[in-house]
Amino acid sequence: MSGFRTLLYKELLRFWRVWFQTILAPIITALLYLLIFSHALAHHVEVYAGIGYVEFLVPGLVMMSLLQNAFANSSSSLIQSKITGNIVFVLLPPISWLEFFLAYLLGSIFRGLTVGAGVWLGTMLFVAPHIEHPLISLVFAGLGGGMLGALGIIAGIWSEKFDQLAAFQNFIIMPLTFLSGVFYSIHSLPAFWFNVSRFNPVFYMIDGFRFGFFGVSDVAPHTSLLVVLTSFVALSALCLVLLKRGYKLRY
Amino acid sequence: MTGTPALEVSHLHKCFGALQALRDVSLRVEQGEFFALLGPNGAGKTTLISVLAGLARADSGEARILGHCVVRDYKAARRQLGVVPQELAYDPFLTVRETLRFQSGYYGLRHNDDWIDEVLQRLGLDDKADTNMRALSGGMKRRVLVAQALVHRPPVIILDEPTAGVDVELRQSLWQFIRQLNASGHTIILTTHYLEEAEALCQRVAMLKQGRIVALDTTASLLSSAGGLRFEVTLDSDRLPEALAGRAVELGEHRYCFSLTSAAELEMILAGLRTAGIGTRDLALNPPDLEEIFVRIMEHA
């Protein structure tokens with residue numbers, strides 16, 4: 001398994017060397033969201049009784065940043081390697097498809113968790129909510145990062161050009177994360193959008209993560225866990241099938 | 001020759017859509033050989049190498065490296081194989097030494113620095129070890145590609161046009177190094193467009209055309225089978241006498257080449273020129289080289 005160890009280490013080093021872009025920039029973006037939305041909405045919205053809007057927003061923003069960066073990590077690593085051609089250096093050695101998958105997946109989860117933790121620490125400048133069930137939040141953070149990391153591997157393998165990856169990001173990842181209850185409770189939505197949201201796995205990630213913070217949520221946490229776990233397993237399975245077949249990597 | 005062949009390919013077929021890249025390619029390279037894979041662009045050389053390296057999958061047929069099937073037993077096969085790819089790829093985030101350390105790690109080798117140092121030194125890269133890949137010239141990047149293929153000391157080494165766009169000095173030092181590797185028992189398979197390199201280095205040659213092997217023989221017997229001589233002459237006239245016009249290929253201004261089957265023909269040509277009152281400025285008589293044989297085979301295959 002030492003091929004795996006090296007590939008994982010390379011994946012971590014890759015984003016760590018450019019931490020300014022890969023960690024600091026998304027943290028700043030999330031804090032700007034917090035600043036703007038809390039300024040605009042804090043006095044108008046109370047989603048759960050006794051929980052201020054800024055507090056409500058914190059877990060949503062942490063999770064959104066975590067998910068987006070988990071996706072960005074594996075997808076951009078793969079597309080860059082494919083376009084510069086240096087993907088060949090990991091295709092030539094005896095690295096199995098499972099090792100390949102795990103290295104990119106764990107790299108993504110780690111980047112997501114790092115950014116998520118950074119956003120959370122940053123929000124403490126504004127508000128420091130007490131966390132009811134930290135372990136539950138951590139489970140959702142890990143699984144959510146894993147699911148988006150696996151989706152990032154699929155997108156990175158499928159895309160042949162940067163604009164294809166950008167399309168994946170803009171038309172799939174952004175709507176999924178924005179229409180997931182980061183900024184609101186889906187119970188406040190009109191019936192149609194409420195029903196649409198119920199088919200969005202990202203909604204369950206954020207809802208479950210938020211349950212860990214406050215002990216209250218839109219749907220029962222074990223329902224969320226089931227949905228997130230199923231989505232993660234399904235996407236990982238798809239990813240492994242593609243890697244095993246060598247889809248778009250080994251012609 | 002006995003023992004497991006370094007490379008064994010049987011009945012390989014590979015299509016890319018409508019294009020048949022490999023058609024029933026079968027080939028056997030023994031351990032310790034220095035072997036050339038020749039052919040025009042698009043003949044299937046790189047596709048064949050990709051199948052051997054596991055970068056492409058054949059539609060049918062089988063390929064083995066030292067007895068290990070490249071699909072079923074891919075881990076063992078890839079450990080035995082070092083590939084220098086044709087494309088000049090590199091990771092812009094890494095230095096030369098980091099590149100080689102990572103490459104070692106992908107093969108499960110930690111603490112490989114002694115060998116890395118030796119390879120760096122032999123490829124003339126020792127003073128570039130801590131330079132970022134981005135800062136290297138094309139020739140230097142090519143050397144790093146060679147070094148990357150060697151980190152795990154593979155017994156079988158494939159070089160896909162290693163000297164494309166490389167200056168004379170590097171070409172010579174590279175071949176010297178590859179020769180040493182071959183002398184110490186490594187099997188070398190190379191593709192090149194410089195046929196004089198193949199002629200000088202390789203004991204055996206396979207020629208591919210449109211995905212098919214059209215010639216497979218030792219370099220020596222290909223050269224002797226061609227027979228005859230090549231007579232190159234530079235004239236002081238811009239045209240040949242009519243009697244000789246159909247027999248020569250024009251090489252350049254006032255320069256012509258005749259293919260001779262016997263020395264008697266030479267006398268006839270010189271007599272023809274004398275009769276027409278045409279003088280010769282320069283002349284040379286050579287045995288046919290691999291390039292000429294290559295051109296002949298490609299024309300007739």
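A, B, ... follow the sequence lines: proteins, then strands. Residue 1 opens every chain. Bear in mind that the values here come from a model prediction, so they are computed numbers and not experimental data.
No part of Ile87(A) comes within reach of chain B, as not one of its non-hydrogen atoms sits under 4.5 angstrom from that chain.
With a 4.5 Å cut-off on side-chain heavy atoms, Val18(A) and Phe93(B) count as touching. Residues Gln103(B) and Pro93(A) form a side-chain contact, since some pair of their non-hydrogen atoms from C-beta on lies under 4.5 Å apart. Between Thr6(A) and Tyr107(B) there is no side-chain heavy-atom pair separated by less than 4.5 Å. At least one side-chain heavy atom of Leu7(A) sits less than 4.5 Å from a side-chain heavy atom of Tyr106(B).
By the neighbour-count criterion of 12 heavy atoms within 6.0 Å, atom NZ of Lys248(A) is densely surrounded, having more than that number from other residues, nucleotides or ligands. For Leu32(A), the CG atom counts as densely surrounded, since its 6.0 Å shell holds more than 12 non-hydrogen atoms of other residues, nucleotides or ligands. The number of heavy atoms from other shown groups lying within 6.0 Å of CZ (Phe110(A)) does not exceed 12.
Considering CG of Asn86(A) and CG of Leu88(B), their distance stands at 11.5 Å, rounded to 0.5 Å. The OH atom of Tyr90(B) sits 10.5 Å away from the CZ atom of Phe89(A) when rounded to the nearest 0.5 Å. Once rounded to the nearest 0.5 Å, the distance linking CZ of Arg78(B) with CD1 of Ile95(A) reads 9.0 Å. Taken to the nearest 0.5 Å, the CG atom of Asp91(B) stands 5.5 Å off from the NZ atom of Lys10(A).
Scanning residues 68-77 of chain B against chain A with a 4.5 Å non-hydrogen threshold yields Tyr74(B), Lys75(B), sorted by number. Of residues 51-59 of chain B, those residues lying under 4.5 Å from chain A by any heavy-atom pair are Ala53(B), Gly54(B), Leu55(B), Ala56(B), Arg57(B). For residues 125-150 of chain B, heavy-atom neighbours of chain A at less than 4.5 Å comprise Leu145(B), Gln148(B), sorted by residue number.
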Worked verdict on Arg17(A) versus Glu98(B) for salt bridge (charged side-chain N to carboxylate O under 4.0 Å, His left out): CA-CA 13 Å; Arg17(A) 288 229 165 137; Glu98(B) 285 171 333; 2.6 Å; yes
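For Tyr251(A), the ring-ring contact (aromatic ring centres under 6.0 Å, His included) test picks out no residue, with sequence neighbours left out.
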